[in-house]
Asks: 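Mind looking over this structure? Questions follow.
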Protein chains: 2
Amino acid sequence: MHFTELINAIKERRNALQVTQETLAELSGVGLRTLKQFESGKGNPTLKTLQKIADVLGMEVNLKLKTVTRNK
Amino acid sequence: MHFTELINAIKERRNALQVTQETLAELSGVGLRTLKQFESGKGNPTLKTLQKIADVLGMEVNLKLKTVTRNK
DNA sequence: CTGTAAAGTGCATTGTATAGCTCTTTTCTG
DNA sequence: CAGAAAAGAGCTATACAATGCACTTTACAG
């Protein structure tokens, strides 16, 4: 997932849950400013920040092998 | 995936590819010091740093819904 | 159109990730 | 065990992420 996709995944999930940035910020313990920056594509969050946000949204950060390009 | 698991995923993949930290650092454009800190569990990399590393290893960062926790 | 809530932005401060250099420790292989 | 390579750690400088506060813009209900 590219940067933008990660952002969208978060935004969509937040919308689906009908949660505002403000609430998400509070629940996750991440600063509102930080969350805003991230969602508006202006950030480069640390892994911990990303995990805090994802966690509250019932999501998680994964690292997996890319789909093999052998015959893509 | 928890922090430690992410680290292990990277380390294992790097070992599987028989690549040293030094080489990985060079290939990914991430500082050797940064990589060392990360792999030894002392870091909190930014998303971009993590992606650079994962990329070279043929891996990618994903964000997905956790296996439903509704009745955990 | 108006008011309100949510989202986005400028500015400033503080903390820390990044990075290079050097040195120590660990892990192999012969 | 000896030597070498790889991994880990201390010290330091710089860049930038995280954060709060105040203000602007956008979205939407009435």
Side-chain angles (χ1 to χ4, degrees), chain A residues 1-70, chain B residues 1-70:
Chain A
M1 278 175 114
H2 196 30
F3 214 100
T4 317
E5 297 176 280
L6 291 175
I7 294 177
N8 287 334
I10 293 284
K11 290 211 281 196
E12 280 165 26
R13 176 67 176 157
R14 185 170 63 72
N15 281 326
L17 295 177
Q18 294 268 61
V19 175
T20 65
Q21 290 180 338
E22 195 169 2
T23 306
L24 177 53
E26 283 165 11
L27 292 178
S28 64
V30 168
L32 177 57
R33 193 65 227 278
T34 304
L35 180 59
K36 282 176 183 300
Q37 272 186 48
F38 172 54
E39 281 199 11
S40 59
K42 309 243 167 82
N44 178 24
T46 61
L47 183 51
K48 279 178 185 166
T49 295
L50 183 60
Q51 285 184 324
K52 281 194 236 173
I53 295 171
D55 203 49
V56 169
L57 294 174
M59 303 178 89
E60 71 171 352
V61 181
N62 274 73
L63 248 185
K64 14 175 274 190
L65 287 179
K66 278 182 202 160
T67 27
V68 185
T69 324
R70 196 153 298 156
Chain B
M1 278 174 115
H2 195 31
F3 214 101
T4 318
E5 297 175 280
L6 292 175
I7 294 176
N8 286 335
I10 293 282
K11 290 211 282 195
E12 280 165 26
R13 176 67 175 159
R14 186 170 63 72
N15 280 326
L17 295 177
Q18 293 268 63
V19 175
T20 66
Q21 291 179 337
E22 196 168 3
T23 305
L24 176 54
E26 283 164 11
L27 293 178
S28 63
V30 168
L32 178 57
R33 192 63 226 279
T34 303
L35 181 58
K36 283 176 182 300
Q37 270 183 35
F38 173 53
E39 281 199 11
S40 60
K42 308 246 167 78
N44 177 26
T46 61
L47 184 51
K48 279 177 184 165
T49 295
L50 183 59
Q51 286 184 325
K52 281 194 235 172
I53 296 170
D55 202 50
V56 170
L57 294 174
M59 304 178 88
E60 71 171 352
V61 180
N62 274 72
L63 247 185
K64 17 174 271 190
L65 287 179
K66 277 183 205 161
T67 27
V68 186
T69 324
R70 198 145 295 170

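Naming: A, B, ... by sequence-line order, numbering from 1 per chain. These values consider heavy atoms only, across backbone and side chains, with no hydrogens, waters or symmetry-generated copies. Computed from a predicted model, the values in this text were never measured in an experiment.
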Asks: Across nucleotides 25-30 of chain D, 5' to 3', mark each nucleotide with B, S or - according to how protein heavy atoms within less than 4.0 Å reach it.
Replies: ------
Asks: Identify the heavy atoms of A:Pro45 and A:Phe3 that sit nearest to each other, and give their distance.
Replies: CD-CZ, 3.9 Å
Asks: Looking at every heavy atom in both B:Gly31 and B:Ala25, which two are closest together, and how far apart are they?
Replies: C-CB, 4.2 Å
Asks: Between B:Asn8 and B:Lys11, is any pair of side-chain heavy atoms under 4.5 Å apart?
Replies: yes
Asks: Once you round to the nearest 0.5 Å, how far does CD1 of A:Ile10 lie from CG of A:Leu24?
Replies: 7.5 Å
Asks: In Å and rounded to the nearest 0.5 Å, what is the NZ to CG distance from A:Lys52 to A:Leu35?
Replies: 11.5 Å
Asks: Can you tell me how far CD1 of B:Ile7 sits from CG of B:Leu50, rounded to the nearest 0.5 angstrom?
Replies: 10.0 Å
Asks: What's the spacing between B:Glu12 CD and A:Leu63 CG if we round to 0.5 Å?
Replies: 11.5 Å
Asks: Going from CD1 on B:Ile53 to CD on B:Gln21, what distance comes out if it is rounded to the nearest 0.5 angstrom?
Replies: 10.0 Å
Asks: Round to the nearest Å and state the distance from A:Leu24 atom CG to D:dA18 atom P.
Replies: 14 Å
Asks: Just the table, please: protein N/O against nucleotides 4-7 of chain D N/O, every pair under 3.5 Å.
Replies:
from: D:dA7; atom 1: OP1; to: B:Arg14; atom 2: NH1; distance (Å): 2.7
from: D:dA7; atom 1: OP1; to: B:Arg14; atom 2: NH2; distance (Å): 3.1
from: D:dA7; atom 1: OP2; to: B:Gln21; atom 2: N; distance (Å): 2.8
from: D:dA7; atom 1: N7; to: B:Lys36; atom 2: NZ; distance (Å): 3.4

Asks: Distances under 3.5 Å only, N/O to N/O: pair up the protein atoms with those of nucleotides 25-30 of chain C.
Replies:
none

Asks: To the nearest 10°, let me know how far the axis at one end of the helix from C:dC1-D:dG30 to C:dG30-D:dC1 is tilted from the axis at the other, five pairs an end.
Replies: 70°
Asks: Check nucleotides 16-19 of chain C against the protein and report each pair of N or O atoms closer than 3.5 Å, with its distance, or say if there are none.
Replies:
from: C:dT18; atom 1: OP1; to: B:Thr46; atom 2: N; distance (Å): 3.2
from: C:dT18; atom 1: OP1; to: B:Thr49; atom 2: OG1; distance (Å): 2.6
from: C:dA19; atom 1: OP2; to: B:Gly31; atom 2: N; distance (Å): 2.8
from: C:dA19; atom 1: OP2; to: B:Thr34; atom 2: OG1; distance (Å): 3.1

Asks: Output every pair passing salt bridge (charged side-chain N to carboxylate O under 4.0 Å, His left out) with a member in residues 24-50 of chain A, not counting sequence neighbours, ordered by first then second residue.
Replies: A:Arg14-A:Glu39
Asks: When rounded to the nearest 0.5 angstrom, what distance separates CE in A:Met59 from CG in A:Leu17?
Replies: 9.0 Å
Asks: Within a strict 4.5 Å, meaning less than it, do heavy atoms of the A:Asn62 and B:Met1 side chains meet?
Replies: yes
